[in-house]
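Notes for the one structure printed next.
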4 protein chains.
Amino acid sequence: MSKPRERILNTSMILFHQQGYNSTGINQIIEEADVSKASFYQHFKSKDDLCIEFFNKRFKYWVSELENFTSGAKTLEEKFLKSFDFLIYMNQKEDFRGCSFLNIMSEIPVDKIEIHKIIRDHKATLRDSFHKDLKNDILAAHLYLLFESCILTSQLYRSNELIEKSKLIVQNLLQSSLSH
Amino acid sequence: MSKPRERILNTSMILFHQQGYNSTGINQIIEEADVSKASFYQHFKSKDDLCIEFFNKRFKYWVSELENFTSGAKTLEEKFLKSFDFLIYMNQKEDFRGCSFLNIMSEIPVDKIEIHKIIRDHKATLRDSFHKDLKNDILAAHLYLLFESCILTSQLYRSNELIEKSKLIVQNLLQSSLSH
Amino acid sequence: MSKPRERILNTSMILFHQQGYNSTGINQIIEEADVSKASFYQHFKSKDDLCIEFFNKRFKYWVSELENFTSGAKTLEEKFLKSFDFLIYMNQKEDFRGCSFLNIMSEIPVDKIEIHKIIRDHKATLRDSFHKDLKNDILAAHLYLLFESCILTSQLYRSNELIEKSKLIVQNLLQSSLSH
Amino acid sequence: MSKPRERILNTSMILFHQQGYNSTGINQIIEEADVSKASFYQHFKSKDDLCIEFFNKRFKYWVSELENFTSGAKTLEEKFLKSFDFLIYMNQKEDFRGCSFLNIMSEIPVDKIEIHKIIRDHKATLRDSFHKDLKNDILAAHLYLLFESCILTSQLYRSNELIEKSKLIVQNLLQSSLSH
DNA sequence: TATGAATGAGCTTTCATTCAT
DNA sequence: TATGAATGAAAGCTCATTCAT
């Protein structure tokens, strides 16, 4: 069995993502991680502290999954289309739970600036990756906006329909952009 | 002074939107509405029940504000651009709190199907309005995705930057669409 | 439709007996009686007041049912045996709810002396009827004790077994008593 | 001072028995046990859970008191008579509060099957003890019925009169039974 | 007479956190 | 390092009753 700290973090990976932050109590976490309460507070200053570590781990995990999924792509266009397929793959895997960062952003009071900062930072990193791939600033923003919207709306409607439509849109955008 | 039911609903309009659902307790609502606890439960079966009434009122309010804001538009293009300006207006007015429907969707457990249904229904109504204005199905979905994404990302980054970029994008899309 | 007061009383006849006193709220009573809350308090000073009226009505009802059931008896022995059969009949009719007087006695605080008095009074009336029929004081007490015990234990075990056994016992007691 | 769990249980031994279940709030229990509310719920899943533990403790206590009281008896007859004297002793000690099991049975909704089961089980254990002592099945049931009735009616009338009469009855029954 | 609106006091339960060992 | 015990504060909700109309 792995170490307590790791078990707590792994448990939060499941619970925070599936149930959200406020709906997941410390008690449930320590029970499912099989760790004592005092042990929890030995490793994490507070629940908010765990939340931050959770975000870091979740981001690493999500990015590496995405990179894995798109690694075979030979062209930029193919890579982007695959990244939208990745959303479909994740929706199926995680039952349309959407994005942990956006979900938790919504339920955390605005005065918890540290948590909101880390959410923003990770999301900005994602956006940056679009801008790195596409030198055209407007086009990068355009695709990023569609990407975020696909995560959101597929969670909302519990359907991949808009992701499929977005793939057509993206295809069009990239082809007309290359033709210039 | 207005009637208790109205005061409760009005208070929820402020608190649910600004603080979210879980962070807003019954106690705070009744205190700020200046109503007794039993009186609250005379008018609303439960907190979830109030949430549903809140959604209905919020949707009516938001739509009427939007229609007001865009009413002067003479062309479809102008109307859409104004609807993005409306998001900027609301961000300023409501301090980048984004969309109550999406915010609360994120923090409500999935098994509260009645609440999730009303969120989906209202959001679907919004999406429908795009499809009514634009016969081109893909184009309507495209603009709708950008619109939702603008609400979301401007809340996330506390900035109207992506809304401004979207206006350029939308302008382009509509002009090339009309030229066909 | 009957008058409000009557409807309230009739509703309490069902609810107090089936659910007990504390588990039956005023709200449920007025709803099922289709009467306004203020109307309730017009007719009854308090819930306790209704309880007393309920006891009076319940007692009258129960006694008249018992007399009906045993009216055909030609001998004293037959009458007593029929009164035990009556308990079986009531258990079937009322799903082993036992005696309202004893049930409610158990859940009313001891300092509500008025309610406890009326319970005692009605129960004493029942006991007196045994003593009127049987001049032998000990024998009357004996049968009365068995009778109460049958009500109680058949509710407890949800079974008429001990009533059946009691009929044999009573038969024996009365026959040996007459032979003296 | 003893441990919280023990203090809670001991307090419930007094309050549940004296006031009943519904009339005894968690607040009163924790105050008289000098324990915090959260501490209560650390040790007991719910009030119903405490009720079950209370029943187990009460039953052990009651049986051991009964055995103590009757331990000196040299004949079966003496033992039974002493067990009726025990009821008088308990009435005086506990101010005619009767039987906790029957009292609480009356005020608990029928759908709480777990609680009703434990009541029935303990009561069946008591009844079994009569059948173990007296091989004659009818006689055992007879004495058991009288015994339960004595507990009940002495609470109802706040008097030991019927217990005293029962002692005469029991004496007679046992002597005529032995003479056969 | 009849009523819908309103209430204070109470209920059981859960929360994230700390402390003594 | 690790832990079981304990907590103050707050959660959502229900009670029998009264009052203004």
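A, B, ... follow the sequence lines: proteins, then strands. Residue 1 opens every chain. Note: hydrogens, waters and symmetry copies are ignored here, and every other heavy atom, side chains too, is used.
- C:Glu107 contributes a side-chain N or O that, together with a main-chain N or O of C:Asn22, makes up a donor-acceptor pair within less than 3.5 Å.
- A cation-pi contact, defined as under 6.0 Å to the ring centre and within 45° of the axis, is absent between C:Lys123 and C:Phe59.
- Rounded to a whole Å, the CD atom of D:Glu31 is 15 Å from the C1' atom of F:dG8.
- By the 30° and 60° cut-offs, the orientation of the rings of A:Phe54 relative to A:Phe16 is perpendicular.
- In this structure, A:Glu6 has no side-chain hydrogen bond (donor to acceptor under 3.5 Å, both in side chains) partners at least two apart in sequence or on a different chain.
- C:Arg7 places no side-chain N or O within 3.5 Å of a backbone atom of C:Val35 that could act as its donor or acceptor partner.
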task = Could you summarise the pairing of DNA chain E as dot-bracket text, marking Watson-Crick and G-U pairs under 3.5 Å with ( ) or [ ] inside the strand and | across strands?
result = .||||||||||||||||||||

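- Between the CD1 atom of B:Ile8 and the C1' atom of E:dT7 there is a distance of 12 Å, given to the nearest Å.
- Contact between the side-chain N/O atoms of D:His43 and the OP1/OP2 oxygens of F:dG4 is not found at any separation under 4.0 Å.
- Along DNA chain E, the nucleotide closest to C:Pro4 and the one closest to B:Pro4 are compared, and the more 5′ of them pairs with C:Pro4.
- Within the 4.0 Å cut-off from OP1 or OP2 of F:dA2, not a single side-chain nitrogen or oxygen of A:Ser36 is found.
- Cation-pi geometry between D:Lys47 and D:Tyr21 is met: under 6.0 angstrom from the ring centre, within 45 degrees of the axis.
- Here the closest non-hydrogen pair linking D:Asp49 and D:Lys45 is OD2-N, 3.0 Å.
- Side-chain contact between A:Met105 and A:Leu102 is present, with heavy atoms from C-beta onward closer than 4.5 Å.
- Looking at which nucleotide of DNA chain F each of A:Val35 and B:Gln28 is closest to, the 5′-most match is held by A:Val35.
- Atom CZ of B:Phe44 is separated from atom C1' of E:dA6 by 14 Å (rounded to the nearest Å).
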ask   = For nucleotides 14-21 of chain F, read 5' to 3', which letter fits each nucleotide if B means a protein heavy atom sits under 4.0 Å from the base, S means only the sugar-phosphate is that close, and - means neither?
value = BBSBBB--

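- Within the model, atoms CZ of B:Phe40 and OG of B:Ser12 stand 8.5 Å from one another, a figure rounded to the nearest 0.5 Å.
- Between D:Lys3 atom NZ and F:dT7 atom C1' the separation is 17 Å, expressed in whole Å.
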